Amino acid sequence: MTDDDRIKLEPGWKAALRAEFDQPYMQQLREFLRQEYAAGKEIYPPGPMIFNALNSTPLDKVKVVILGQDPYHGPGQAHGLCFSVQPGVPTPPSLVNIYKELQRDLNLPIPNHGYLQRWAEQGVLLLNTTMTVQRGNAASHANAGWQPFTDRVIQVVSEQCENVVFLLWGSHAQSKQKLIDGTKHLVLKSVHPSPLSAYRGFFGCGHFSRTNSFLEQRGLAPIDWALPPL
């Protein structure tokens, strides 16, 4: 069986990204991860969830892209969607602030959980630019080779989709703006929603209402940002 057969990836993404899996950087990344597992290190998210963002939001359904940096590195948190945690896990501080802005912007109740799968299934690509992390060691895989891959994901969305809203929160996400064609997509930027910076412009940014206005003006269904209780 080839690597191509083993990769469980949504067909649209698989077709668009197939060449990436043959690149030297991806072979090096695969070997790096193999050695991490062999050394007994606990890696998050669990293997089947690494590509959850792509598998939950097919390429031809992408309407919004939210970029995160690194998976959560605590046990049971990460499941392959940026800012999101698995059911039953306390909502992390940055996501609490995202919910506060949603409440201010769209008058939505603050959810009792941090599970964003419903957004992903509506076309919100929740992409971490580094897709794995070692337990308890933030940014431990930042230089392992994920960046060329996720840069290509962003480029593919820019090239193959129309009228996508890119939400770039914080300097790391904003560094990816060069990969996006601003003549066919909407790029909205603010500081990061983390407690360290949210008060410097994330609160009040109105990105959720602005996203839906843009989509509706182009005849597309808006995102239902409300998250029912779990």
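By convention here, the first residue in the shown sequence is residue 1. Everything quoted here is computed from the prediction, not taken from an experiment.
Under the 3.5 Å distance criterion, with hydrogens and angles disregarded, no donor-acceptor pair is assigned to the side chains of Y25 and Q147. With no hydrogens or angles considered, no side-chain donor-acceptor pair links Y37 and Q35 at under 3.5 Å. Side-chain atoms of H79 and S84 include a donor-acceptor pair closer than 3.5 Å. For the 3.5 Å distance criterion, the side chains of K178 and Q155 fail to qualify, holding no donor opposite an acceptor. No hydrogens or angles considered: nothing links the side chains of D70 and T130 as a donor-acceptor pair under 3.5 Å. No hydrogens or angles considered: nothing links the side chains of K63 and Q122 as a donor-acceptor pair under 3.5 Å.
Nearest heavy-atom pair across A198 and N97 is CB-ND2, 3.7 Å. Scanning all heavy atoms of the two residues, the minimum distance from L108 to A226 falls at CD1-N, 3.7 Å. Residues F208 and L106 come closest through the heavy atom pair CB-CD1, 3.7 Å. Summarising the geometry of P87 relative to L230, their closest heavy-atom pair is CB-CD1, 3.8 Å, with the distance given to 0.1 Å. Between G68 and C82, the closest heavy-atom pair is N-SG, 3.7 Å.
Checked against the 6.0 Å centroid threshold, F83 and Y72 do not count as a close aromatic pair. Checked against the 6.0 Å centroid threshold, Y44 and H73 do not count as a close aromatic pair.
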Original post:
Which is it for F166 and V157 under the side chain to side chain contact (heavy atoms under 4.5 Å, CB included) test, yes or no, and what are the steps along the way?
Top reply: CA-CA 10 Å; F166 289 83; V157 172; 3.7 Å; yes
**OP:** Under the side chain to side chain contact (heavy atoms under 4.5 Å, CB included) rule, what do N163 and F214 come out as? Steps first, then yes or no, please.
**Re:** CA-CA 8 Å; N163 301 317; F214 177 85; 4.0 Å; yes
**OP:** For V65 and V164, run side chain to side chain contact (heavy atoms under 4.5 Å, CB included): C-alpha distance rounded to whole Å, both residues' side-chain angles, the deciding distance at 0.1 Å, then the answer.
**Re:** CA-CA 7 Å; V65 177; V164 172; 3.9 Å; yes
Original post:
Could you walk me through whether V64 and I66 pass the side chain to side chain contact (heavy atoms under 4.5 Å, CB included) check?
Top reply: CA-CA 7 Å; V64 180; I66 298 177; 4.3 Å; yes
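Between the E162 side chain and the K184 main chain, no donor and acceptor come within less than 3.5 Å of each other. Side-chain atoms of T57 never come within 3.5 Å of backbone atoms of L54 as a donor-acceptor pair (strictly under, hydrogens ignored). Checking side-chain atoms of S197 against main-chain N and O of V191 turns up no donor-acceptor pair under 3.5 Å. Side-chain atoms of E42 never come within 3.5 Å of backbone atoms of P75 as a donor-acceptor pair (strictly under, hydrogens ignored). Side-chain atoms of W146 never come within 3.5 Å of backbone atoms of T129 as a donor-acceptor pair (strictly under, hydrogens ignored). Q86 contributes a side-chain N or O that, together with a main-chain N or O of A78, makes up a donor-acceptor pair within less than 3.5 Å. Side-chain atoms of S56 never come within 3.5 Å of backbone atoms of E121 as a donor-acceptor pair (strictly under, hydrogens ignored). With D105 contributing its side chain and S209 its backbone, the two residues share a donor-acceptor pair below 3.5 Å. Between the Q134 side chain and the N137 main chain, no donor and acceptor come within less than 3.5 Å of each other. H113 places no side-chain N or O within 3.5 Å of a backbone atom of T91 that could act as its donor or acceptor partner.
The shortest distance between side-chain heavy atoms of F51 and K8 does not fall below 4.5 Å. For the pair K14 and F21, the minimum side-chain heavy-atom distance is 4.5 Å or more. Using a 4.5 Å cut-off on side-chain heavy atoms (C-beta onward), H185 and V165 make no contact. Residues P111 and P229 have side chains not in contact (no heavy-atom distance under 4.5 Å, counting atoms from C-beta outward). V85 places a side-chain heavy atom less than 4.5 Å from the side chain of P92.
The distance from the SG atom of C205 to the NZ atom of K189 is 13.5 Å, given to the nearest 0.5 Å. Considering OG of S213 and CZ of R218, their distance stands at 10.0 Å, rounded to 0.5 Å. How far CG of L127 is from CG of L81: 10.0 Å, rounded to the nearest 0.5 Å. For the atom pair NZ (K100) and CD1 (I98), the distance works out to 12.0 Å, reported to the nearest 0.5 Å. The structure places CG of N212 at 11.0 Å from CD of Q217, a figure rounded to the nearest 0.5 Å. How far CD1 of I50 is from CG of L9: 11.5 Å, rounded to the nearest 0.5 Å.
Taking the side-chain contact (heavy atoms from CB on, under 4.5 Å) definition, one finds that Q103 meets it with I110, sequence neighbours left out. A search for side-chain hydrogen bond (donor to acceptor under 3.5 Å, both in side chains) contacts involving H141 returns E36, T132, not counting sequence neighbours.
The hydrophobic cluster containing V153 also contains L33, counting ILVMFWY residues as joined when their side-chain heavy atoms lie under 4.5 angstrom apart, directly or transitively. By the rule that hydrophobic residues join a cluster once side-chain heavy atoms approach within less than 4.5 Å of another member, L220 and L125 end up as members of separate clusters. Side-chain heavy atoms closer than 4.5 Å link hydrophobic residues (I, L, V, M, F, W, Y) into clusters, and following such links, even through other members, never connects M49 to L126. Hydrophobic clustering (side-chain heavy atoms under 4.5 Å, transitive across Ile, Leu, Val, Met, Phe, Trp, Tyr) groups F202 together with L186. In this structure, L196 is not a member of the same hydrophobic cluster as L67, with clusters built from ILVMFWY side-chain heavy atoms closer than 4.5 Å.
Between R118 and D224, at least one side-chain N (NZ, or NE/NH1/NH2) sits under 4.0 Å from a carboxylate O, which counts as a salt bridge. The residues E159 and R152 are annotated as salt-bridged, a charged nitrogen and a carboxylate oxygen being separated by less than 4.0 angstrom.
Geometrically, R34 does not engage F32 in a cation-pi contact defined by less than 6.0 Å to the ring centre and at most 45° from the axis.
H207 and W169 have parallel rings, their planes meeting at less than 30° on a 0 to 90° scale where 60° marks the start of perpendicular.
Other residues, nucleotides and ligands place more than 12 heavy atoms under 6.0 Å from the CG atom of N112.
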